[in-house]
Amino acid sequence: MFCEELFLSDEYKTIEYANFLADSLVKTASEHSRALIVYLDGDLGAGKTTFVRGVLRSLGYTGAVKSPTYTLLEEYNFSGRLCIYHFDLYRFTSPQEWEEAGFDEVLTSPAICFIEWPHQAEGYVSRPDLTIALSVHDNGRMCRITAQSDVGKKIIALWKK
Ligand SMILES: Nc1ncnc2c1ncn2[C@@H]1O[C@H](COP(=O)(O)OP(=O)(O)OP(=O)(O)O)[C@@H](O)[C@H]1O
Ligand SMILES: [Mg+2]
């Protein structure tokens, strides 16, 4: 029940799915006093950033959305209403970099925090509420979403309504 798997046949399906999920994420984030943590698992090119782009589009953001491979963090502020943090930890050379960068302190609430390559900060970064795992399958992507906290379960239950 708290793990869902679906096939996304092309990039537009990824965006569409992210759009569906965005409503439940945003609603849940607005009710919590801490940032929601969403891990994005998958190899290079699996579609992790595409998913974040889908969420940002559904919030009305029309600008460019690139993987913050060099900047590590990209922040999108929706006029004090909600913050989206997009991390890409691919270039971390050790997990302590999370702490050294002061990343826990930059997280305000309400917020949704998407983290690509979260295992690069293992032991430092918060445990996830949700994990979205993407993998190449035929010409599309398999997407598995798993709830890893009560808040994560609530998000999936809301989305399935
Ligand atoms: N469901 C899908 N089916 C086919 N192609 C897709 C799908 N979703 C995304 N893509 C394509 O996959 C490519 C890589 O996407 P993206 O940059 O989002 O990957 P990523 O996982 O963030 O990679 P990286 O780890 O390098 O940051 C893009 O060309 C995108 O259009
Ligand atoms: Mg990326």
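One-based numbering, in listed order, for ligands and for the atoms of each.
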- Any sub-3.5 Å donor-acceptor pair from D43's side-chain atoms to A46's backbone N or O? no
What pair of heavy atoms forms the shortest contact from [X] to [Y], and how long is it?
{"X": "S67", "Y": "H86", "result": "CA-CE1, 4.3 Å"}
{"X": "L130", "Y": "Q148", "result": "C-OE1, 4.0 Å"}
{"X": "G152", "Y": "A147", "result": "C-CB, 3.5 Å"}
{"X": "E122", "Y": "P95", "result": "O-CB, 3.4 Å"}
{"X": "W159", "Y": "E4", "result": "CZ3-CG, 3.6 Å"}

With heavy atoms of [X] as the reference, note each atom of ligand 1 found under 4.0 Å away.
{"X": "D10", "result": "1 (N), 2 (C), 3 (N), 4 (C), 7 (C)"}
{"X": "T14", "result": "1 (N), 2 (C), 7 (C), 8 (N)"}
{"X": "N139", "result": "3 (N), 4 (C)"}
{"X": "K48", "result": "18 (O), 19 (O), 20 (P), 21 (O), 22 (O), 23 (O), 24 (P), 25 (O)"}

- Query: side chain to side chain contact (heavy atoms under 4.5 Å, CB included) with Y76: which of V65, L59, L82, V55?
  - Reply: V65
- Query: D129 and side chain to side chain contact (heavy atoms under 4.5 Å, CB included): which partner among K153, H32, K154, R34?
  - Reply: R34
- Note on the structure: A student comparing G47, C143, G140 should find that the heavy atom closest to atom 19 (O) of ligand 1 comes from G47
- Message: On a heavy-atom basis, I'd like to know which of L8, T50, T69 is closest to atom 28 (C) of ligand 1.
- Response: T50
- Message: Return all protein N, O or S atoms below 2.8 Å from the Mg ion (ligand 2), chain by chain in residue order.
- Response: T49 OG1, S67 OG, E116 OE1
Is the closest heavy atom of [X] to ligand 1 under 4.0 Å?
{"X": "L134", "value": "no"}
{"X": "W117", "value": "yes"}
{"X": "D43", "value": "yes"}
{"X": "E116", "value": "yes"}
{"X": "G42", "value": "no"}

- Message: If hydrophobic clusters are built from ILVMFWY residues whose side chains come within less than 4.5 Å, do I37 and I84 share one?
- Response: no
- Task: Please report which non-hydrogen protein atom sits nearest to atom 10 (N) of ligand 1, along with the residue it belongs to and the distance in Å to one decimal place.
- Result: R141 NH2, 3.7 Å
- Item | E11 and T50 side chains, donor-acceptor separation under 3.5 Å | no
- Query: Which word best sums up how the rings of F92 and F103 line up, parallel for under 30°, tilted for 30 to 60°, or perpendicular for over 60°?
  - Reply: parallel
